[in-house]
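All chains are named by letter (A, B, ...) in the order of the sequence lines, taking the proteins before the strands, and each is independently numbered beginning at 1.
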Amino acid sequence: MCGRYVLATPVEELAAYFSAQVPPSMADGFHPSWNIPPTSNIVAVTADPDGQRSLNRFRWGLVPSWAKDLSFGAKTINARAETVATKPSFRSAFRSQRCIIPADGYYEWKTTAGEVKQPYYFTRRDGSPLAFAGLWERYQFHHEADGQPRSLVTCAIITTAASSDVEAIHNRMPAILTGGDLWGRWLDGALGDREELLAMCRPAPPGTLVTKRVASLVNSVRNNGPELIEELKDRPSLF
DNA sequence: CCAGACGTTGTT
DNA sequence: GTCTGG
DNA sequence: CCAGACGTTGTT
DNA sequence: GTCTGG
């Protein structure tokens, strides 16, 4: 799955890479992070009806309009590609509110019987940013304290079966839009071809990703910095 | 009809 | 075991 | 995703 | 909001 990732590329570079605008609301409060967890505020690319793209902030964990409260988002950080078109929590967003979540790379933990969980870091082989296929929703609610109406945008990352690049580590992977020619189609809220959309959520072609073993520093969200993605060379000793 | 859920992952 | 917080 | 808490009363 | 289970 995808439950922790990295985005340290400057906003201006991301905007150029995705041909997206950066609204003033976006420029403030964005910091590079090598340890982005669910329920935090993340960056996603969306498109206007006219096709204009922009970067915006979304809370990671999709909260459908009918949810009782924001805590719903804790269990909807990922949406399975196999069922995203029909699950009540995701189908509406899948139809018309798709987004791209940029990442420098992401982490997976390999769990082996009898061994300690080992984190791995995945990036594109060519070093360019990853474009995760995502969904977003707007959630409206009344603030507890003052009763005023508020609204918040939330998002989820679609997952799919692991490709041969990742299956030795984990059996799932994020859906990655490879090739910029797919971005416009994915972001077009008027595009109604379910099969075309689902085809974009298939495992990335073998060879797209590379991985390296990293230190368990990433386990705690209190740790953050480029050292989290440094390759761990030593094999753990048996003695 | 009303009440209650609405999700993913990993592990056994 | 399960939920919340980061 | 993982780490850390999981509780109440009363006093400072 | 919409579906499933009772």
Ranking D/dA3, B/dT8, B/dT11 by distance to the side chain of A/T83, first place goes to B/dT8
With the side chain defined as heavy atoms from C-beta on, A/T76 is closest, among B/dT8, B/dT9, B/dG7, to B/dG7
Minimal heavy-atom distance between A/P174 and A/F132, with the atoms involved, is CG-CE2, 3.4 Å
Residues A/L232 and A/Q118: closest non-hydrogen pair is CD2-NE2, 4.1 Å
Given [N], is OP1 or OP2 found less than 4.0 Å from the side-chain N or O atoms of [X]?
X: A/T159; N: B/dT9; answer: yes
X: A/R80; N: B/dT9; answer: yes
X: A/S216; N: D/dC2; answer: no

Have a look at [X] and say if it touches a base, only the backbone sugar-phosphate, or nothing, with a 4.0 Å heavy-atom cut-off.
X: A/A79; value: sugar-phosphate
X: A/N35; value: nothing
X: A/T39; value: base
X: A/Y5; value: nothing

Do [X] and [Y] have side-chain heavy atoms sitting under 4.5 Å apart?
X: A/S54; Y: A/T46; result: yes
X: A/I176; Y: A/L209; result: yes
X: A/S163; Y: A/T208; result: no

Distance, rounded to the nearest Å, where [X] contributes [atom1] and [N] contributes [atom2]:
X: A/Y120; N: D/dC2; atom1: OH; atom2: C1'; answer: 17 Å
X: A/Y106; N: B/dT9; atom1: OH; atom2: P; answer: 12 Å
X: A/N223; N: D/dC1; atom1: CG; atom2: C1'; answer: 14 Å
X: A/I158; N: B/dG7; atom1: CD1; atom2: P; answer: 14 Å
X: A/K117; N: B/dT9; atom1: NZ; atom2: P; answer: 14 Å
X: A/K110; N: B/dT11; atom1: NZ; atom2: P; answer: 11 Å
X: A/L7; N: D/dC1; atom1: CG; atom2: C1'; answer: 17 Å
X: A/N171; N: B/dT9; atom1: CG; atom2: P; answer: 8 Å

Applied to residues 178-226 of chain A, the ring-ring contact (aromatic ring centres under 6.0 Å, His included) test, sequence neighbours excluded, yields A/Y17-A/W183, A/F18-A/W183
When you compare the protein's N or O atoms with those of nucleotides 4-6 of chain B, which come within less than 3.5 Å of each other, and at what distance?
from: B/dC6; atom 1: O3'; to: A/S89; atom 2: OG; distance (Å): 3.0

Could you measure between the two [atom1] atoms, the one in [N] and the one in [M], and give it in whole Å?
N: D/dG7; M: C/dC3; atom1: P; answer: 12 Å
N: D/dC2; M: B/dT11; atom1: P; answer: 9 Å
N: C/dG5; M: B/dG4; atom1: P; answer: 25 Å
N: D/dC1; M: B/dT8; atom1: P; answer: 12 Å

| task | Measure up the A/Y107 and A/W109 rings against each other and bin them: parallel (under 30°), tilted (30 to 60°), perpendicular (over 60°). | result | tilted
query = Shared ILVMFWY cluster between A/L191 and A/V84, side chains joined below 4.5 angstrom?
reply = yes
Linking I/L/V/M/F/W/Y whenever their side-chain heavy atoms sit closer than 4.5 Å, directly or via other members, would A/M200 and A/L130 fall into one cluster?
yes
Collect all protein-nucleotide pairs involving nucleotides 4-6 of chain E in which both atoms are nitrogen or oxygen and the distance is under 3.5 Å.
none

Sorted by chain and residue number, the salt bridge (Lys or Arg N to Asp or Glu O under 4.0 Å) partners of A/R4 (sequence neighbours excluded) come out as none
Hits for salt bridge (Lys or Arg N to Asp or Glu O under 4.0 Å) against A/R124, two or more places apart or cross-chain, chain-then-number order -> A/D126
When A/V218, A/I169, A/L228 are each screened for side chain to side chain contact (heavy atoms under 4.5 Å, CB included) with A/P119, the one that passes is A/V218
Between A/E108 and A/K110, is there a salt bridge with N-O shorter than 4.0 Å? no
For DNA chain B, the dot-bracket notation using Watson-Crick and G-U wobble pairs below 3.5 Å, [ ] for pseudoknot-type crossings and | for other-strand pairs, is ||||||......
